[in-house]
2 protein chains.
Amino acid sequence: MTSKIQLDAFDVKILQELQIDGGLSNQELAEKIGLSASPCLRRVKILEENGIIEKRVTLLDRKKLGLDITAIIQIGMDRHTPKKFEVFEAQLKTYEEVIECYLITGQDADYTIKVVVPDMEAYQEFLLNHITTIPGVSSVTSSFVMRRVVDTGALPLKYVK
Amino acid sequence: MTSKIQLDAFDVKILQELQIDGGLSNQELAEKIGLSASPCLRRVKILEENGIIEKRVTLLDRKKLGLDITAIIQIGMDRHTPKKFEVFEAQLKTYEEVIECYLITGQDADYTIKVVVPDMEAYQEFLLNHITTIPGVSSVTSSFVMRRVVDTGALPLKYVK
DNA sequence: CTTAAATTGGCATTTATTATCAAATTTTGT
DNA sequence: ACAAAATTTGATAATAAATGCCAATTTAAG
């Protein structure tokens, strides 16, 4: 990692727009930020090349897909050795139901994971047959999402200078 | 809400691909799923119209933008009245730093929120001047993300039939 | 204030998206 | 199991967008 990438007001505007709506065409984007199509596209390409734009994804409606349960699970490990963590993480990555997994600081838990399943039966199945069977897992505490108040992953670009 | 939307194997393939890479052109997508361009595009349009495809977003690199701190905060409320929750949620939605906020079931916390800021100074500032000043907030517990092991929001489509 | 470097906007070209429709496939009813 | 009806496909053509090029403008440097 070398020098910081310098962004001007146009770049930030581009990121702001694309972060909210990744489906914008280059022409629409250009109009929104106040540039013509060619320099706008050039900038987007550069932002992709230097990795500031990481990837584009499509968000789906969980309810309409019958995925009615979102759970947040706190997981504690019995021994804090690199090997234990490595095994745990490798195993977790193989589960499609796990849409997030963070190693965190803090009191009781070592990991917070977010799991999506269609119903409680599937949840129980997943917990008993997958999570609790990973060696090293010593505590598991489930919470369930009742309402998603905010769920944009949109970063606060006001801090970017 | 009426009948369940019926998806066939092509639809699920489309969702699977777009969920991983929302930047695919229609032609690339068509090739991947094994259809020609026109029916592929028609299917995508239908999936957008009926809301199964919710939106497209662009993910940015936090590190490269200087947003080095991701915090997960558990928040408890003093009174569990609809009004208190309403006020809290309305206030939270105004903070750019809050990229997620869930109302959850469970023991100590009522909300789990995810916050992104550049550094600890900004974090402290945010916590003291924004979170703790919202009326009704009675407990606040912070964890910090040390490693993002998994962070695709990709839903488990294996359950979709 | 002059010169050099970088960035823009318009245009031409290539490529992709989108509408149309006949052919093929699947579904339905008997 | 078969024929008719309804969908869905793939090819083509027309429209629109992305991309490369370059002269003109803007910005930065001396």
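Chain letters run A, B, ... following the sequence lines, proteins first, then strands; residues in each count from 1. Just so it is clear, the model here is predicted, and its values are computed rather than measured.
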Just so I know, are the side chains of [X] and [Y] near enough to count as touching, which here means a heavy-atom distance under 4.5 Å?
X	Y	result
A:R43	A:L35	yes
B:I73	B:L127	yes
B:V150	A:E100	no
B:Y159	A:E97	yes
A:T152	A:Q19	no
A:L15	B:L65	yes

If I take atom [atom1] in residue [X] and atom [atom2] in nucleotide [N], what distance separates them, rounded to the nearest angstrom?
X	N	atom1	atom2	result
A:L41	D:dG20	CG	P	8 Å
B:L35	D:dT9	CG	C1'	8 Å
B:I46	D:dT9	CD1	P	9 Å

With A:V57, which of B:T58, B:V57, B:L18, B:I20 fulfils side chain to side chain contact (heavy atoms under 4.5 Å, CB included)?
B:V57
Which two nucleotides bound the region of DNA chain C that has atoms under 4.0 Å from heavy atoms of chain B, read 5' to 3'?
C:dA16 to C:dA19
What distance separates A:L24 CG from A:E31 CD, expressed to the nearest 0.5 Å?
11.0 Å
So OG of B:S143 and CD of A:Q74: to nearest 0.5 Å the spacing works out to 7.0 Å
Applying ring-ring contact (aromatic ring centres under 6.0 Å, His included), name anything that partners A:Y111, two or more places apart in sequence or on another chain.
A:F85, A:F88
Please determine if A:K55 and B:D21 form a salt bridge, counting it only when a charged side-chain N lies under 4.0 Å from a carboxylate O.
no
Take A:E54 and B:R62 through the salt bridge (charged side-chain N to carboxylate O under 4.0 Å, His left out) test and state the conclusion after the steps.
CA-CA 9 Å; A:E54 215 168 70; B:R62 297 174 193 198; over 6 Å; no
In B/S/- notation, 5' to 3', how is nucleotides 21-30 of chain D contacted by protein heavy atoms closer than 4.0 Å?
----------
Considering only residues two or more places apart or on different chains, which pairs with a residue in residues 130-141 of chain B satisfy side chain to side chain donor-acceptor pair (under 3.5 Å)?
none
Where along residues 10-26 of chain B does a heavy atom fall under 4.0 Å from DNA chain C?
B:S25, B:N26
Looking at D:dA18, I'd like to know if its phosphate oxygens (OP1 or OP2) sit under 4.0 Å from a side-chain N or O belonging to A:K45.
no
What dot-bracket string describes DNA chain C from 5' to 3', counting Watson-Crick and G-U wobble pairs whose defining distances are under 3.5 Å, with [ ] for crossing pairs and | for pairs to another strand?
||||||||||||||||||||||||||||||
